[in-house]
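Notes follow the structure.
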Amino acid sequence: MHPNAVLAVVLVGNLMLPFITAQNAGFVKSPMSETKLTGDTFELYCDVVGNPTPEIQWWYAEINRADSFKQLWDGARKRRVSINTAYGANGVSVLGITRLTLEDSGTYECRASNDPKRNDLRQNPAITWIRAQATISVLQKPKINASGPIILSADSYGTPVTLLCNLTTAHTPHKESFWMKNGQEISNTRTEHRNTSYRINKPRADDSGEYKCVYTFDYAPNANATIEVKAKPHITGHKRSENKNEGENAMLYCKSVGYPHPTWTWHIVDGTSYKDIDNSTGRFFITNRDNYTELNIINLERENDPGKYECNATNVIGTTVEITILRVRSNLAPLWPFLGVLAEIIILVVIIVVYEKRKRPDDIIDDDEPVGPMKTNSTNNHKDKNIRQRNTK
């Protein structure tokens, strides 16, 4: 093929590439309609695809006024509106509104477009933008009278505690109610009564937490009220001691019960003084999760790291501490048992050799000498002498 022809084919291919790879905007995920209560929060998701990546906008219209859409911006409605958008292979956007009021009811619209003329005011938005709508209905939250917060103390442990709720007003009749603790339903608490109670017979620190009485409805979201049962942290698990070799890593931990969740701190105890531990040294790393804390020490140093380590759990009710003793041995520590046995063997051999050297010569038996005393004929000689003397008379 002629070189000019090849060049022409390449140029035509490059010119056609944008048209071949271009893709109109399309929805991967659209916002869904919801019914909410006043004071609640909602989030709408919008995921679009296209090439180039489409731009996403959010619009709003009041109920029964679909012809009066207004664009929503991040921070609108006294900073109750948040819009978070990310562009990559897809365009993804999340619209969130907190502390809902009845006026937040309406139609919310996600608009997406990658048309180059999408923002040209002379263009018809209905042609250049694709749209997905969701209706948000906000109902007045039912009124629930609930008992106040309860504080458990060591003196009150074992004294029964009763939590109370009463549904006084609601938009529709309720179906039933039940109780939850820390987000989990408590078994055998469902009832159809407007007045509901939950009794803790022998409360202790691990009975503390966030309790909710929940009322269900046929055509409306659940309504609930929260009762906090508070208690000082009680550390239920920790390492009493940890033995490591220098150069190794050590992991110390503490876990507790009690509510609210504690603030965790770690200290090194030196007599009556305390040294705070944080993540700034490069060898100490602290990880805290609600009722659990973990201290990791890497590349242990025999001179600096042994000692008493204190984990401290503190909340608004009180403080609890526990001590873990960390021992750091030399790298030769595993050899000491072997060296001890070897030293005992050497000492025993030396004692045997010295004992043999210092034996007396009389105790040594000569193989050339007779074993027992030699017998003589002296008795016989005396007898013969006497006989000869008698005969001479």
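All values derive from a computational prediction rather than experimental measurement. In this chain, residues are counted from 1 in sequence order.
- The minimum heavy-atom distance between H193 and Y215, with the atom names listed, is O-CE2, 4.0 Å.
- Of all heavy-atom pairs spanning V138 and S105, the tightest one is N-OG, 2.8 Å.
- The backbone N or O of T101 lies less than 3.5 Å from a partner atom in the side chain of D104, making a donor-acceptor pair.
- No donor-acceptor pair closer than 3.5 Å links the side chain of R327 to the backbone N or O of K244.
- A search for side chain to side chain donor-acceptor pair (under 3.5 Å) contacts involving D276 returns H267, not counting sequence neighbours.
- Criterion: ILVMFWY side-chain heavy atoms under 4.5 Å apart, direct or through other members. Under it, W58 and L100 are part of a common hydrophobic cluster.
- When all heavy atoms are compared, the tightest approach of I56 to Y87 is N-OH, 3.0 Å.
- Taking all atoms of both residues into account, the shortest heavy-atom contact from A146 to C165 is CB-SG, 3.8 Å.
- Ion pair E109/R111 flagged as a salt bridge, since at least one NZ, NE, NH1 or NH2 atom sits closer than 4.0 Å to an Asp/Glu carboxylate oxygen.
- Cluster membership for I277 and L300, using ILVMFWY side-chain heavy atoms within less than 4.5 angstrom, is shared.
- For R329 and E246, the salt-bridge test fails: no basic side-chain N is under 4.0 Å from an acidic carboxylate O.
- Nearest heavy-atom pair across L44 and Y108 is CD1-CB, 3.6 Å.
- N222 and F217 get closest at one heavy-atom pair: OD1-N, 4.2 Å.
- Side chain of N182 to main chain of E210: a donor-acceptor pair is present (N/O by atom type, distance under 3.5 Å, no hydrogens or angles).
- The existence of a salt bridge linking R283 and D305 is confirmed by a sub-4.0 Å separation between a basic side-chain nitrogen and an acidic carboxylate oxygen.
- A donor and an acceptor atom, one from each side chain of D40 and T38, are nowhere located under 3.5 Å apart.
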